[in-house]
Asks: 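Right, I'll just put the structure down here and ask away after.
Since the model is a prediction, treat every value here as computed from it, not as a measurement. In what follows, chains are A, B, ... by sequence order, proteins preceding strands, each numbered from 1.
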Number of protein chains: 2
Amino acid sequence: MSALHDHTHCIADALTRADALCAERGARLTALRRRVLELVWSSHRPRGAYAILEDLSQQDGKAAAPLTVYRALEFLVEQGLVHRIESLNAYVGCAAPGDVHSGQFLVCEACGDAAEIDDPGVGAAIIAAAAGRGFRVQRPTVEVRGLCKSCQETSR
Amino acid sequence: MSALHDHTHCIADALTRADALCAERGARLTALRRRVLELVWSSHRPRGAYAILEDLSQQDGKAAAPLTVYRALEFLVEQGLVHRIESLNAYVGCAAPGDVHSGQFLVCEACGDAAEIDDPGVGAAIIAAAAGRGFRVQRPTVEVRGLCKSCQETSR
DNA sequence: GACAGAGTGTTATAAAGTAACACCCATGTC
DNA sequence: GACATGGGTGTTACTTTATAACACTCTGTC
């Protein structure tokens, strides 16, 4: 997530994909929900619910209540359009909505970027480990803190 | 974590291990910190900071402030005596303090139990996935939601 | 156009976590 | 013994994150 990428384009893409997915599923991507999704995507970094709330208030002029944002986020998470990053209490746009996947993140301590990966090896290892203990997996959460490639290079 | 286990004994064990570890490291396991550790262990379930705070107030009669508990927990987490479960905002005693490990949890949605595992396959898969992307791992978090063995059997 | 149900607004409140600063007390030093 | 030092604790106030309860509105359906 860097200088070399057309961010406006990638927000537009995310919205288009969301429109298509919701239409297909009969889920209602209302104006508010769409707007919240757009605000989540407004950076590639995880954003807190209250940051989004502030955007709504400032950019749109309406003083929204926290619940407004939380309900929209809940919908977006259910639809797989957004992931919640537990260790940050924050939300980030899903790079591959529609695909079945669990949400694995490499969270950089330096720049705050959260790169979503969907590593089959990690997923398989978790399922195997759980199965060995008789545990039925419903929702795996993997959030790896560390330093991303570009931050390692910078700090050197 | 069930009827068949001597819980009193296992709390005492945890405290003994903590004493030994801290002595060895020159870390100060003060009365307060020791007491908080004991309260974390008072069930095998993850406990919130405020639940521990309440215990302190009720059982010990002192009306402690949140910070008191948070500071003790911070110390205990640093020493690896306690893990924080991000997705629950809660803390749980570490089953194997002293050993190097990262904290992987199988969290049962039904009974609330959080079983700590240290599966080498999962750890290795995460490191491999990160390495493939140039990411330097500092602290992996794995929290798997699902149903534990005994809850699956019960619900059947 | 009346109904049902989903979505949204509003107010209040709970839960989780932190900042700033004062005090205490064990330890080592002179 | 007096003293400085620094880690640990207490206290007050506050911020951030999240939810409850209830009323209202919009949208599609018959």
Asks: Under the ring-ring contact (aromatic ring centres under 6.0 Å, His included) rule, what pairs show up with a residue in residues 119-147 of chain B, not counting sequence neighbours?
Replies: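 Residue pairs passing ring-ring contact (aromatic ring centres under 6.0 Å, His included), neighbours aside: none found.
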
Asks: Side chain to side chain donor-acceptor pair (under 3.5 Å) with Gln138(B): which residues, sequence neighbours excluded?
Replies: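 By the side chain to side chain donor-acceptor pair (under 3.5 Å) rule, Gln138(B) matches no residue at all.
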
Asks: Round to a whole Å and report the spacing from CD of Glu74(A) to C1' of dT17(D).
Replies: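 Those two atoms, CD and C1', are 15 Å apart.
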
Asks: In this structure, how many angstroms lie between the C1' atom of dT9(D) and the CZ atom of Arg35(B), rounded?
Replies: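 About 17 Å, once rounded to whole Å.
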
Asks: Glu116(B): which residues meet the salt bridge (charged side-chain N to carboxylate O under 4.0 Å, His left out) condition with it, sequence neighbours left out?
Replies: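 With neighbours one apart ignored, the set is empty.
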
Asks: List, by chain and number, the other hydrophobic cluster members for Leu88(A), where Ile, Leu, Val, Met, Phe, Trp and Tyr join if side-chain heavy atoms come within less than 4.5 Å, directly or indirectly.
Replies: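 Once heavy-atom contacts under 4.5 Å are chained together, Leu88(A) belongs with Ile85(A), Val92(A), Phe105(A), Val107(A).
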
Asks: Within this structure, what is the CG-to-C1' distance between Leu29(B) and dT9(D), rounded to whole angstrom?
Replies: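 Interatomic distance, CG of Leu29(B) to C1' of dT9(D): 15 Å.
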
Asks: Only distances under 3.5 Å count here; give the side-chain donor-acceptor pairs of residues 121-130 of chain B to other protein atoms, sequence neighbours excluded, each with its distance to 0.1 Å.
Replies:
none

Asks: What's the OH-C1' distance between Tyr70(B) and dT17(D), to the nearest Å?
Replies: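 One finds 11 Å between C1' of dT17(D) and OH of Tyr70(B), rounded.
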
Asks: Give the minimum heavy-atom separation between Ala110(B) and Leu147(B), together with the two atoms involved.
Replies: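 Residues Ala110(B) and Leu147(B), closest heavy atoms: CB-CD2, 3.7 Å.
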
Asks: Distance check needed: dT16(D) P versus Ile52(A) CD1, whole Å only.
Replies: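 In whole Å, dT16(D) P and Ile52(A) CD1 are 16 Å from each other.
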
Asks: Could you go over nucleotides 11-14 of chain D and give all protein N or O partners under 3.5 Å, atom names and distances?
Replies:
none

Asks: Identify, with sequence neighbours excluded, every residue that meets salt bridge (charged side-chain N to carboxylate O under 4.0 Å, His left out) alongside Arg28(B).
Replies: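 Not a single residue meets the salt bridge (charged side-chain N to carboxylate O under 4.0 Å, His left out) criterion with Arg28(B).
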
Asks: May I have the distance from Leu53(B) (atom CG) to dA14(C) (atom C1'), rounded to whole angstrom?
Replies: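 Whole-Å distance recorded here is 15 Å.
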
Asks: Ignoring hydrogens and angles, tell me if any N or O in the side chain of His7(B) forms a donor-acceptor pair with the backbone of Ser42(B) under 3.5 Å.
Replies: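 Yes; judged by distance alone, with no hydrogens or angles, the pair exists.
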
Asks: Nearest whole Å is fine: how far is dG7(C) P from Arg34(A) CZ?
Replies: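 Going from CZ in Arg34(A) over to P in dG7(C) covers 17 Å.
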
Asks: For DNA chain C, find the residues of residues 81-93 of chain A with a heavy-atom distance under 4.0 Å and give them by number; none if there aren't any.
Replies: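 Heavy-atom contacts with DNA chain C come from no residue of residues 81-93 of chain A; none.
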
Asks: Would the base of dA18(D) count as contacting Tyr50(A) through its side chain, where contact means a donor and an acceptor less than 3.5 Å apart?
Replies: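 Looking at the base of dA18(D), it does pair with a donor or acceptor on the side chain of Tyr50(A) (distance under 3.5 Å).
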
Asks: Under the salt bridge (charged side-chain N to carboxylate O under 4.0 Å, His left out) test, which residues partner Glu54(A), sequence neighbours left out?
Replies: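 With neighbours one apart ignored, the set is empty.
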
Asks: With the sugar-phosphate defined as primed atoms, P, OP1 and OP2, and the base as all remaining atoms, what B/S/- string results for nucleotides 24-30 of chain D, 5' to 3', for protein heavy atoms under 4.0 Å?
Replies: -------

Asks: Indicate every side-chain donor-acceptor pair of residues 12-21 of chain A with a distance under 3.5 Å to a residue at least two apart or in another chain.
Replies:
{"from": "Thr16(A)", "atom 1": "OG1", "to": "Ala12(A)", "atom 2": "O", "distance (Å)": "2.8"}
{"from": "Asp19(A)", "atom 1": "OD1", "to": "Arg34(A)", "atom 2": "NE", "distance (Å)": "3.0"}
{"from": "Asp19(A)", "atom 1": "OD2", "to": "Arg34(A)", "atom 2": "NE", "distance (Å)": "3.3"}
{"from": "Asp19(A)", "atom 1": "OD2", "to": "Arg34(A)", "atom 2": "NH2", "distance (Å)": "2.7"}

Asks: Name every donor-acceptor pair, under 3.5 Å, that has one atom in a side chain of residues 71-79 of chain A and the other anywhere in the protein, sequence neighbours excluded.
Replies:
{"from": "Gln79(A)", "atom 1": "OE1", "to": "Arg25(A)", "atom 2": "NH1", "distance (Å)": "2.8"}

